[in-house]
Number of protein chains: 2
Amino acid sequence: MDAAAKPRTTRIQVQKRELILDAALDVFSTNGFRGSTIDQIADAAGMSKPNLLYYFKSKEDIHTTLIERLLETWLAPLHEIDDIGDPMTELRAYIRRKLEMARDYPRESRLFANEILQGAPRIMPLLEDQLKSLVDEKAHIIKGWMRDGKIAQTDPRHLIFAIWATTQHYADFDVQVRAVLGPDRGGDGRFDDAARFLEQLFLEGLRP
Amino acid sequence: MDAAAKPRTTRIQVQKRELILDAALDVFSTNGFRGSTIDQIADAAGMSKPNLLYYFKSKEDIHTTLIERLLETWLAPLHEIDDIGDPMTELRAYIRRKLEMARDYPRESRLFANEILQGAPRIMPLLEDQLKSLVDEKAHIIKGWMRDGKIAQTDPRHLIFAIWATTQHYADFDVQVRAVLGPDRGGDGRFDDAARFLEQLFLEGLRP
DNA sequence: CTAACGTTTGTCCAATCGGTCAAAAATTGC
DNA sequence: GCAATTTTTGACCGATTGGACAAACGTTAG
């Protein structure tokens, strides 16, 4: 009577899939897609390769799942921007949230960077639809702030790019940042220094 | 009498090596090191794989040569900063030069980004010695400007990071930038818009 | 012409890759 | 307990990879 396949989902299946995705995030974010092997991921997840392929049908399947899940949380801070609050406060909060994400989820940032760097072969449609319309919407809000004289007149889209670039830099180029700062300021304090600097740069730079 | 191997360098050797390096820059910058194959590079250079290996002894040899050569030209704009000119003019010129490099040498930028993203396994020593001391030197100059009240007081190293991040973003994340801007402003004009925005952001943001 | 040298390629190899398969082991429902 | 089902793995396969090698080709100097 039920022609459709039953949606079997054991508790153990959910756990193992989660375990694999976490291991894969480690491997993919440091080696890129083509630079990563199923064996590496299986090793990191503490299981054999055929066992891993029992939960995901291919290497690309893991990667796709990871990227799709990532995009939601990655754009959450941008979603939170709205035009009811004070513009400067909103922008400061956005910059802070983005920097916190670079600090707390560097693997996700690098996975995303790897994908974009190589021409976004697997998420190009998402960028053109989902991301573009989201940026369009928020750019419209920011443009409104500029018209009201709340912040300086500039290109809102390039402002968003600049916030992305400066915050994600601390995740994607982490080794370079630490190498340049040296052992003294390359420790845990670098994110506090970055937060202070970025707030000053953007808030002073956007003062109407 | 001459115990050392003779420094054979035919004119054709120089040409072919240059041809290979250019092809390799194409391939490496879009696929990363592990994602690129010698066959791809040989194809792009219009020769057979054994022929390519006659000029470079391994895949890593090509990559190393490319990276070392890149680092010189890549840091040239930073080298040019000195403390004899007007601080604001110097900074504006530096930002403009870096943005021009992102526009004219996106392959080099992506090659560098790929290397750093994956933990800089092949150039870590260069970052800790060459790059660090260069940044230290320029940070000292900038600090001097701040003490003289020529520009606002901030962390000079994070200022340099911000300039790197925002300018290189237009090379490394090019597909995302174009996807978000759409066909209208995603064309050739995007670098002019970026230049206008970045000048305003940094110059206003750093006004003493 | 020919010997010497630089250049090019077809062929081959061992290692690694993504993925399959059948059979063993563990778990679950009764 | 036992049978059905889910989970795990060793062994294997074809394709691709980086690289070696010797033979062929081209060029030049005498």
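The analysis underlying the following values was restricted to heavy atoms, covering all of them including side chains, and did not include hydrogens, waters or symmetry mates. Naming convention: chains lettered A, B, ... in sequence-line order (proteins, then strands); numbering from 1 in each chain.
- Classified by interplanar angle (parallel below 30°, tilted 30° to 60°, perpendicular above 60°), the ring pair A:Phe161/B:His169 is tilted.
- Taking the charged nitrogens against the carboxylate oxygens, B:Asp155 and A:Arg190 have no contact shorter than 4.0 Å, which rules out a salt bridge.
- Close to D:dT8, at under 4.0 Å from its OP1 or OP2, lies a side-chain N or O of A:Lys16.
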Just the atom pairs and distances: protein N or O near nucleotides 27-29 of chain D's N or O, under 3.5 Å.
none

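- In terms of modelled atom types and a separation under 3.5 Å, the side chain of B:Lys98 and the main chain of B:Leu78 share no donor-acceptor contact.
- In this structure, CG on B:Asp61 lies 11.0 Å from CG on B:Leu66, to the nearest 0.5 angstrom.
- Between B:Gln13 and C:dT7 there is a side-chain polar atom (N or O) within less than 4.0 angstrom of OP1 or OP2.
- Between B:Asp136 and B:Lys132 there is a salt bridge, since a side-chain N of the basic residue sits under 4.0 Å from a carboxylate O of the acidic one.
- Atom P of nucleotide D:dG18 and atom OH of B:Tyr55 are separated by 20 Å, given to the nearest angstrom.
- Between the CG atom of B:Asn31 and the P atom of D:dT16 there is a distance of 16 Å, given to the nearest Å.
- The pair B:Glu18-B:Arg69 meets the salt-bridge criterion, with a side-chain N (NZ, NE, NH1 or NH2) lying under 4.0 Å from an Asp/Glu carboxylate O.
- Here A:Tyr54 does not reach the OP1 or OP2 of D:dT8: none of its side-chain N or O atoms lies under 4.0 Å away.
- Annotation: A:Tyr105, atom OH; neighbour count of heavy atoms from other residues, nucleotides and ligands within 6.0 Å does not exceed 12.
- Rounded to whole Å, atom P of D:dT8 lies 14 Å from atom CZ of A:Arg17.
- Summarising the local packing, CG of A:Asp82 is surrounded by more than 12 heavy atoms from other residues, nucleotides or ligands at distances under 6.0 Å.
- A salt bridge is absent between B:Lys49 and B:Asp43; no separation between the charged side-chain nitrogens and carboxylate oxygens falls under 4.0 Å.
- Considering only side-chain N and O atoms, A:Asn51 lies nowhere under 4.0 angstrom from the phosphate OP1 or OP2 of D:dT7.
- Counting non-hydrogen atoms under 4.0 angstrom, B:Phe56 reaches nothing in the nucleic acid.
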- Task: Do nucleotides 15-20 of chain C as a string where each nucleotide becomes B, S or -: B if the base has a protein heavy atom under 4.0 Å, S if just the sugar-phosphate does, - if no protein is that close.
- Result: --SBBB
